[in-house]
2 protein chains.
Amino acid sequence: MSEMRRPTMTDVAREVGVTAKTVSRVLNDEGPVAVETRERVMAAVRRLGYRPNLMARNIRVGARDAAIGLVIPELGNPFFGTVADGVESAVRARGLTLIVGTSDETADLEQSLIATFLGRRVSALMVVPAAASDHRHLRSERMAGLPIVFLDRPAVGLTADCVVSANRDGSRAGVAHLIAHGHRRIGFVGDLPATLYTRRERFQGYRDALTAAGLPFDRSLVETGHSVEAATLATQRLLDRDDPPTALFTGNNFASMGAVVALSRAGRRDVALVAFDDLPLAEALEPPLTAVAQDPAAVGTAAAELVLARLDGDRSKARRAIVPTRLVVRGSGELPPPTP
Amino acid sequence: MSEMRRPTMTDVAREVGVTAKTVSRVLNDEGPVAVETRERVMAAVRRLGYRPNLMARNIRVGARDAAIGLVIPELGNPFFGTVADGVESAVRARGLTLIVGTSDETADLEQSLIATFLGRRVSALMVVPAAASDHRHLRSERMAGLPIVFLDRPAVGLTADCVVSANRDGSRAGVAHLIAHGHRRIGFVGDLPATLYTRRERFQGYRDALTAAGLPFDRSLVETGHSVEAATLATQRLLDRDDPPTALFTGNNFASMGAVVALSRAGRRDVALVAFDDLPLAEALEPPLTAVAQDPAAVGTAAAELVLARLDGDRSKARRAIVPTRLVVRGSGELPPPTP
DNA sequence: TTGTAGGCGTTATCAT
DNA sequence: ATGATAACGCCTACAA
């Protein structure tokens with residue numbers, strides 16, 4: 001089982017008794033080729049197990065790699081996984097290949113992945129920015145015409161295309177829903193760091209809703225936890241207050257899970273809850289969870305389509321696409337406040 | 001903002017007044033280079049924003065692409081997403097890049113993705129086989145020495161490395177747990193198609209446990225649903241029987257969610273349940289869900305390590321690695337059967 | 001219908 | 001310590 005060199009186009013050509021160019025023509029259905037020649041070439045291709053070398057093909061004159069680089073914080077998180085899935089399907093449908101790297105939410109890894117992808121001469125770059133990252137270093141690439149699209153969070157220090165969820169608007173609607181059901185003290189459980197774009201936007205939506213209803217903002221009703229456990233504790237702190245909130249709004253899926261766990265552990269079925277980001281078992285919870293659902297697949301495909309448009313020559317100025325959220329009413333968000 | 005050609009090694013060389021080869025030497029720390037030359041080259045590299053073209057390098061070296069191809073049914077499913085995440089981290093730590101494609105559980109897409117990856121001359125192939133796929137076509141690649149590792153499900157028609165969960169053993173333990181708590185009629189809710197490897201194995205584990213306990217196998221207690229909705233209905237059918245089971249064992253996460261939803265809707269807190277595959281909110285359910293947890297990240301990293309070992313020259317015969325499962329006791333699996 | 005020449009960006013080989 | 005030349009596998013452009 002020796003490590004043999006793979007057959008090349010020239011090998012196939014020699015086998016048939018023609019030139020590499022003829023084999024190339026057959027394989028690419030390009031130009032006129034005698035029927036018999038074509039058949040003999042195809043036969044030799046099969047016999048030798050020849051596969052065209054895509055790397056070699058891509059290297060020709062200025063062509064970029066028929067691949068798109070995607071940098072994402074993690075794939076295990078269903079939100080990001082679904083985003084990646086949306087990207088992959090859209091990109092594959094166009095005959096492009098997807099190269100993926102996870103940044104683990106660190107700017108360093110993100111940068112080094114981007115550098116690797118640029119070295120491969122990817123046709124475009126799609127990035128879900130890590131929490132504390134900066135994208136000035138991509139300015140020259142942008143100017144050189146490389147399509148770059150940011151997902152879920154906008155670029156920092158760079159004007160570029162970007163696709164995000166309707167974070168602020170969705171949160172506002174979710175909190176307004178609680179207010180419409182009579183709540184006046186609504187706790188906010190968010191993730192960390194508080195500087196993260198999505199966190200800020202959702203928090204703003206929370207404040208927008210309070211303002212619109214003429215309710216006061218009480219900073220002490222804002223808690224933070226960057227994991228399920230931390231969010232569980234954060235929720236418990238809110239519940240244990242002398243003047244606890246009658247409703248909770250959670251700012252991301254970990255916070256939501258934490259809140260659900262905390263309420264469940266405390267045996268509290270009387271605290272209203274609206275979660276930003278839907279959860280898989282939402283309808284099996286007690287009470288069933290009312291949520292502001294994002295559409296991660298749509299974020300992925302929208303971003304991919306933006307990229308494809310750019311690859312097709314769209315040179316219009318950078319735009320920001322906003323993917324709407326949807327309030328899914330199931331029960332937990334419609335619980336009334338206790339009557340005093 | 002003109003579409004400029006990217007600077008090449010020759011551009012850098014000209015800028016410095018040397019030859020491309022010298023630049024190459026500097027960049028690859030290869031052979032002797034005058035300190036001063038090295039510095040001038042590095043300066044020019046920075047000034048021009050030069051990045052080595054990895055495609056061109058690979059083509060010259062004749063080496064395979066420093067990338068690994070991963071074919072997976074979908075990325076949105078947290079199980080597969082986490083597998084992919086495990087693969088990516090391990091592979092990246094070795095300086096390799098991950099190329100991903102989703103097969104949507106169809107053999108055709110799987111094959112075409114594999115063909116694309118092979119065309120790119122990936123260094124290794126990692127595949128989570130689609131439900132109805134066949135891998136005889138990969139025999140020649142295997143013989144040519146290409147590392148190929150299958151994940152979650154073994155290859156069909158091909159002897160190759162493979163990393164799977166302890167499906168049969170885990171199921172046996174889960175069902176034995178129910179039996180130990182006094183149950184004698186245990187329903188099985190599985191996914192489709194019933195020919196799928198994981199489904200078969202887990203079903204075997206179910207039967208193993210019954211046999212070991214001397215309990216009869218009742219085919220009518222076996223139901224199937226390939227989505228949450230279908231599994232919900234399947235569970236309802238079991239619950240609505242004249243002689244319903246007193247406990248349920250679910251064979252995958254969709255089946256588990258369906259069972260949880262069905263029990264929740266029916267208001268049944270008396271039916272014991274052990275789920276194969278843990279769920280995110282398991283501990284917030286009522287009662288908290290007892291589950292046979294898989295370790296998808298470990299499946300991914302184990303597979304990646306197998307691949308890396310092969311790339312390092314390990315020529316030993318194909319092996320099958322089995323990643324253990326863990327029974328997580330939370331409550332739903334410890335409910336006793338009703339006392340008659 | 002098919003072939004030849006040349007080049008893509010890099011590195012191997014052999015000189016200088 | 002550096003350079004010149006060829007080669008990797010493929011494609012474009014232009015013959016024949």
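All values below were derived from every heavy atom in this structure, side-chain atoms included, with hydrogens, water molecules and symmetry-related copies excluded. Note that the structure is predicted; figures quoted are calculated from it, not measured. Protein chains get the first letters and strands the later ones, always in sequence-line order, with residue 1 at the start of each.
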> Between C:dT2, C:dT11, D:dA13, which one does the side chain of A:P32 approach most closely?
Replying inline: C:dT2

> Quick one: A:R14 CZ to C:dG3 P, roughly how many Å, whole number?
Replying inline: 14 Å

>> Looking at B:E36, I'd like to know if its CD atom is crowded, meaning that more than 12 non-hydrogen atoms belonging to other residues, nucleotides or ligands lie closer than 6.0 Å.
In response: no

>> Please report the distance, rounded to the nearest Å, between CG in B:N53 and P in D:dC8.
In response: 18 Å

>> Side chain of B:T37 only, heavy atoms from C-beta on: which candidate in D:dT2, D:dC11, C:dT10 is closest?
In response: D:dT2

> Over how many whole Å does the gap from A:N58 atom CG to D:dC10 atom P extend?
Replying inline: 12 Å

> Base, sugar-phosphate alone, or nothing: which one does A:T19 contact when heavy atoms must sit under 4.0 Å apart?
Replying inline: base

> Under 4.0 Å between a Lys/Arg side-chain N and an Asp/Glu carboxylate O for B:R46 and B:E15?
Replying inline: no

> Can A:R94 and A:E305 be counted as an ion pair, charged N to O under 4.0 angstrom?
Replying inline: no

> Taking the side chain of B:E30 as heavy atoms from C-beta outward, which of D:dC11, C:dA12, C:dT10 is closest to it?
Replying inline: C:dA12

>> With a 4.0 Å limit, can you tell me whether B:T22 has a side-chain N or O closer than that to the phosphate oxygens OP1/OP2 of D:dA1?
In response: no

>> Hydrogens and angles aside, do A:T102 and B:R92 bring a side-chain donor and acceptor to less than 3.5 Å of each other?
In response: yes

>> Using a heavy-atom cut-off of 4.0 Å across all strands, would you classify B:N28 as base, sugar-phosphate, or nothing?
In response: sugar-phosphate

> Among D:dT2, D:dC11, C:dG9, which nucleotide sits nearest the side chain of A:S24?
Replying inline: D:dC11

> Which one, D:dC10, C:dT2, C:dT10, comes nearest to the side chain of B:M9?
Replying inline: C:dT10

> Rounded to the nearest Å, what distance is computed from the CZ atom of residue A:R6 to the P atom of nucleotide D:dC10?
Replying inline: 10 Å

> Which sits closer to the 5' end of DNA chain D, B:R60 or B:R38, going by the nucleotide each is nearest to?
Replying inline: B:R38

> Taking atom P of C:dT11 as reference, at what distance in whole Å does atom CE of A:M55 sit?
Replying inline: 13 Å

> Among D:dT2, D:dC11, C:dG9, which is the nearest nucleotide to the side chain of B:R25?
Replying inline: D:dT2

>> Under a 4.0 Å threshold between the charged nitrogen and the carboxylate oxygen, would A:D161 count as salt-bridged to A:K317?
In response: no

>> Let's test your reading of the model: under 3.5 Å, does the base of C:dT10 pair with the side chain of B:R57 as donor and acceptor?
In response: no

>> Under 3.5 Å, is there any donor-acceptor pair linking the side chain of B:K21 to the base of C:dA12?
In response: yes

> Quick one: which of D:dG9, C:dT4, C:dT10 gets closest to the side chain of A:I59?
Replying inline: D:dG9

> How many Å lie between CG on A:L27 and C1' on D:dC10, as a whole number?
Replying inline: 11 Å

